[in-house]
Structure formats: structure tokens, C-alpha cells
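Quick caveat, the model's predicted, so the values are computed rather than measured. Proteins come first, then strands; the chains are lettered A, B, ... in the order of their sequence lines, and each starts at number 1.
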Amino acid sequence: MKEKELRRTLAVLPIGTAMKLTDLSARQIRYYEDQELIRPKRNEGNQRMFSLNDIDRLLEIKDYLADGMNIAGIKYAFEEQKRKSKLVTTTQSDNHELTDDDVRRILREELLQTGGLEGPDHQIPGFFHKKPL
DNA sequence: GTTCTCACA
DNA sequence: TGTGAGTA
């Protein structure tokens, strides 16, 4: 499955396409880049070029945001995703019982629970959640 | 026509 | 986040 992974990392989509695919505004996409949630490549004309992985990433960001998570929380979520991903590939390289979706869902639940139980006093300023619902 | 950066009545 | 300005 290396060819497939390679194609998913090919940055060939301009921001206009990313907008249609993710239903996000150019403003939002650029803002998320500033927050280092995504790292689109740049072409010769300094224009952002997105890969399918970037698109998935943007969709995840939109998903997390919908669940009330903020930028800091999402950054943390991606770090954990990377950490757990490494754990899975090294401990069960041939056991694919856990799909990426499972990891994301489990992780989201964990984050929502943690942030939800924290009292306003012990909550890290703008980490997991936006204003307590 | 599209995208980029910067700035704000 | 939106939006307009001035470019590339």
C-alpha cells in the first residue's frame, strides 16, 4: 500500500478545491495553517498546494471544532494521534483491528471527557474546550 | 479568474 | 472570521 500512501501525500490541490471539498472558507484554511494544524506545500508562485491528506486533516479539524474543541485541543489531539499511531504500527504491525476512524473516535471521547470534567479553575486556559457549554 | 498578504468602519 | 486592497 505504498503507492496509495504516496498519492495521498501529493499536494496538487489549490485552495479553491480545498474549499469546495471541505466547505471551509479560504480565510479559515489559511488561519488553520497559521495555527500549524496543516502544512500545505507552496508552488513556484507561493500558492498553497493541498494533498488528500491535508483535506482529511481539514475535515477532522472541522469535526473537532464542531464538538467544541479549540485550536490548542486539536493540536493536542493530532499529537496523540501521531503517538498512538506509532504505538499501533510498532506493536501490532499486522493487526489492523483499529482503524484510523476508531482512533479518532476514541481520542475525541477521551478529550471531551477530560475537558468536560475539569472545573473552570483547573482548566488549562483554552485547551480542550471553548467556553464551557 | 484565482490566490496571496496585510489590515480594519 | 469576514472582507477589501493591491499584487503576482
Side-chain angles (χ1 to χ4, degrees):
Chain A
M1 297 287 169
K2 273 186 175 178
E3 286 293 314
K4 183 180 177 183
E5 185 55 44
L6 209 161
R7 277 187 304 244
R8 292 185 64 71
T9 63
L10 281 182
V12 295
L13 312 172
I15 196 167
T17 304
M19 289 173 66
K20 294 175 183 174
L21 261 34
T22 63
D23 195 46
L24 290 170
S25 66
R27 180 79 168 79
Q28 291 175 301
I29 295 176
R30 294 176 184 133
Y31 176 66
Y32 300 152
E33 178 188 24
D34 276 354
Q35 305 309 302
E36 298 177 277
L37 262 36
I38 52 175
R39 317 185 73 74
K41 296 181 179 177
R42 297 298 185 112
N43 61 15
E44 308 72 32
N46 190 42
Q47 291 184 281
R48 276 165 268 254
M49 295 304 275
F50 301 81
S51 70
L52 293 179
N53 282 328
D54 291 326
I55 300 301
D56 285 340
R57 186 103 161 174
L58 286 171
L59 291 174
E60 286 182 55
I61 293 171
K62 202 175 74 167
D63 214 48
Y64 283 135
L65 249 29
D67 279 333
M69 216 178 286
N70 61 185
I71 305 298
I74 297 175
K75 282 185 185 176
Y76 181 78
F78 283 150
E79 286 176 21
E80 287 305 286
Q81 213 167 290
K82 193 197 306 175
R83 190 176 65 69
K84 295 197 174 186
S85 204
K86 191 172 297 180
L87 202 70
V88 171
T89 54
T90 52
T91 59
Q92 40 183 218
S93 47
D94 43 21
N95 180 341
H96 291 190
E97 289 183 13
L98 285 181
T99 66
D100 284 356
D101 261 25
D102 289 328
V103 177
R104 291 172 197 162
R105 187 160 41 64
I106 295 173
L107 182 58
R108 182 162 55 208
E109 286 173 22
E110 291 177 2
L111 290 175
L112 291 177
Q113 275 182 34
T114 308
L117 295 177
E118 299 276 9
D121 298 321
H122 301 80
Q123 221 167 13
I124 299 176
F127 201 87
F128 294 116
H129 283 126
K130 295 183 174 179
K131 302 172 183 176
L133 302 180

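For the pair A:R57 and A:F50, the NZ or CZ position fails the cation-pi test of under 6.0 Å to the six-membered ring centre and within 45 degrees of the ring normal.
Minimum atom distance to the side chain of A:P14 is reached by B:dT3, of the listed B:dT3, C:dT1, C:dG2. When distances run from any side-chain atom of A:N46 to the nucleotides B:dT3, C:dT1, B:dT5, the shortest one goes to B:dT5.
Residue A:Y31 has no polar side-chain atom (N or O) positioned under 4.0 Å from OP1 or OP2 of B:dC6. Contact annotation: A:R30 side-chain N/O to B:dC4 OP1/OP2 distance is under 4.0 Å. Contact annotation: A:R27 does not reach the phosphate of B:dT3 (side-chain N/O to OP1 or OP2, under 4.0 Å). Of the side-chain N and O atoms in A:R48, one or more sit less than 4.0 angstrom from OP1 or OP2 of B:dC4. Taking side-chain N and O atoms only, A:Q28 has a distance below 4.0 Å to OP1 or OP2 of C:dT1.
Under a cut-off of 6.0 angstrom, the local environment of CZ in A:R39 is sparse, with at most 12 non-hydrogen atoms contributed by other residues, nucleotides or ligands. Atom NZ of A:K41 sits in a sparse spot, with 12 or fewer heavy atoms from other residues, nucleotides or ligands closer than 6.0 Å.
In this entry the distance linking CG of A:L65 with C1' of C:dT1 reads 12 Å, nearest Å. Rounding to whole angstrom units, CD of residue A:E44 and P of B:dC4 are separated by 13 Å. Atoms CE (A:M19) and P (B:dG1) sit 16 Å apart, rounded to a whole Å. The interatomic distance linking A:K41 (NZ) with B:dC4 (P) rounds to 16 Å, in whole Å. Rounded to an integer number of Å, the gap from CG of A:N43 to P of B:dT2 is 16 Å.
Under the 4.5 Å side-chain criterion, counting only non-hydrogen atoms from C-beta, A:D67 is in contact with A:R108.
In this structure C:dG6 sits in a base pair with B:dC4, meeting the Watson-Crick or G-U test at under 3.5 Å.
Counting any heavy atom pair closer than 4.0 Å across all strands shown, A:G45 reaches no nucleic acid atom.
Shown are A:Q47, A:M49, A:R30; of these, the side chain to side chain contact (heavy atoms under 4.5 Å, CB included) with A:I15 is made only by A:R30.
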